[in-house]
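Each remark here refers to the structure printed beneath this line.
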Amino acid sequence: PALQKTTVIKDIIVQVGRTGVLTPVAVLEPVTIGGVTVSRATLHNEDEIRRKDIRINDKALVMRAGDVIPKVVKIIESERDGSQIPFEMPLSCPVCGSPVEKTKQDRSSLNKCVNASCPAQIKERLAHFVSKKAFDIEGLGRKIIDQLVDEKLVADFADIFTLDPFTLAGLERMGEKSASNLVRAIEKSKKIPLRRFIYALGIDHTGENASRLIAECFGTLDR
């Protein structure tokens, strides 16, 4: 069941996804909804912000439904006191500074960082690649991925398979044993079903189901 509560939008930040799409996120005054403390909610895109007239310092009704990311249902206009600040999407990527391009998808406007080498995109692509439904590399979490990209040790998928215990042991919060375990997990991940390999690549419009159908149709990676 969906659960709702009101809270204040303290700020609006922008996150960069693995395909470069910029997603505005509301930073909330923490509120407990259904036993879970919620401090952020997705605003989806620029069109959504304009349609709901969402502003910084607005009081808003926030909804959480199961494991779905919390979202802003509506703002409470009667609570406005003049301190509210309209939000504008950035013209350049907040991570790499590259130009932002506007595109249309399903009648919605999308703002997209045009730089495929943007560190934020690389991190998100790698996180998807190693996730449970893809290569399922245990021990290669977000904090390790962030360090690997920031230290320029990994720039693409293939680089993961060149990592060695010595390099990994030099990372923060990563000892020799953890490094050896991670290298073993990487080695083990080299044998996965074709459907999971296709899914791991993060191709646009190619989710779990499409990846399975492609794998069933072609049978082998060579084909």
Side-chain angles (χ1 to χ4, degrees), residues 1-116 118-125 127-128 131 133 142 199 202-211:
L3 300 164
Q4 303 178 348
K5 270 193 181 177
T6 57
T7 188
V8 176
I9 298 173
K10 305 296 286 183
D11 197 5
I12 296 175
I13 60 172
V14 175
Q15 294 180 341
V16 184
R18 60 187 167 89
T19 62
V21 173
L22 274 57
T23 302
V25 176
V27 178
L28 309 171
E29 194 170 273
V31 61
T32 303
I33 306 177
V36 176
T37 300
V38 173
S39 59
R40 294 195 177 189
T42 181
L43 298 176
H44 299 292
N45 53 47
E46 188 176 17
D47 291 347
E48 181 87 346
I49 291 175
R50 286 181 179 168
R51 186 173 65 82
K52 294 179 178 176
D53 190 23
I54 298 169
R55 305 178 189 181
I56 297 167
N57 294 330
D58 262 334
K59 192 162 190 179
L61 181 65
V62 177
M63 180 177 80
R64 186 180 75 84
D67 293 330
V68 178
I69 299 168
K71 70 175 184 178
V72 172
V73 178
K74 64 177 181 178
I75 56 97
I76 315 298
E77 280 194 64
S78 59
E79 295 284 341
R80 283 185 170 165
D81 59 8
S83 68
Q84 285 66 36
I85 306 166
F87 175 77
E88 294 290 334
M89 288 293 285
L91 299 176
S92 58
C93 174
V95 176
C96 71
S98 297
V100 169
E101 217 172 57
K102 280 198 176 186
T103 59
K104 278 280 186 184
Q105 184 177 311
D106 300 329
R107 289 179 293 182
S108 292
S109 295
L110 295 180
N111 295 269
K112 200 169 182 179
C113 168
V114 299
N115 177 21
C118 172
Q121 290 188 51
I122 293 171
K123 289 174 182 178
E124 292 296 331
R125 286 198 296 266
H128 176 80
S131 65
K133 293 176 181 177
R142 287 305 302 253
Y199 173 74
I203 303 164
D204 275 358
H205 313 297
T206 311
E208 283 183 84
N209 191 47
S211 298

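Atom set for the values below is all heavy atoms of this structure, side chains included, hydrogens, waters and symmetry mates excluded. Here, residue 1 is the first one in the sequence, and each next residue gets the next number.
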Got a donor-acceptor contact below 3.5 angstrom from the [X] side chain to the [Y] backbone?
| X | Y | answer |
| --- | --- | --- |
| D58 | I75 | no |
| S39 | P30 | no |
| R64 | I33 | yes |
| N45 | L110 | no |
| T206 | D204 | yes |
| E79 | E77 | no |
| Q121 | N115 | yes |

For [X] and [Y], work out which heavy atoms get closest and say how close.
| X | Y | answer |
| --- | --- | --- |
| E29 | K10 | N-CG, 3.6 Å |
| Q84 | P86 | O-CD, 3.9 Å |
| V73 | Q4 | CG2-NE2, 4.1 Å |

CD1/I203: more than 12 non-hydrogen atoms of other groups inside 6.0 Å: yes
Enclosure of E101 CD (heavy-atom neighbours >12, cutoff 6.0 Å): no
Could you tell me if the side chain of [Y] sits less than 4.5 Å from the side chain of [X], heavy atoms only?
| X | Y | answer |
| --- | --- | --- |
| L43 | V72 | yes |
| C118 | S98 | no |
| R55 | R80 | yes |
| L28 | I9 | yes |
| K74 | M63 | no |

So, taking the atom named [atom1] in [X] and the one named [atom2] in [Y], what distance separates them when rounded to the nearest 0.5 Å?
| X | Y | atom1 | atom2 | result |
| --- | --- | --- | --- | --- |
| R40 | I13 | CZ | CD1 | 3.5 Å |
| K52 | K71 | NZ | NZ | 5.5 Å |
| Q15 | T42 | CD | OG1 | 8.0 Å |
| R125 | T19 | CZ | OG1 | 9.0 Å |
| S109 | M89 | OG | CE | 10.0 Å |

Reference residue V100; test side chain to side chain contact (heavy atoms under 4.5 Å, CB included); the match among V16, L22, V14: L22
N57 vs I85, side chain to side chain contact (heavy atoms under 4.5 Å, CB included): CA-CA, chis, key distance, verdict: CA-CA 7 Å; N57 294 330; I85 306 166; 4.1 Å; yes
Stepwise side chain to side chain contact (heavy atoms under 4.5 Å, CB included) test for Y199 and H128: CA-CA 9 Å; Y199 173 74; H128 176 80; 3.3 Å; yes
Evaluation steps, side chain to side chain contact (heavy atoms under 4.5 Å, CB included), between E46 and K102: CA-CA 10 Å; E46 188 176 17; K102 280 198 176 186; 3.0 Å; yes
Side chain to side chain contact (heavy atoms under 4.5 Å, CB included) between V95 and K123, intermediate numbers included: CA-CA 12 Å; V95 176; K123 289 174 182 178; over 6 Å; no
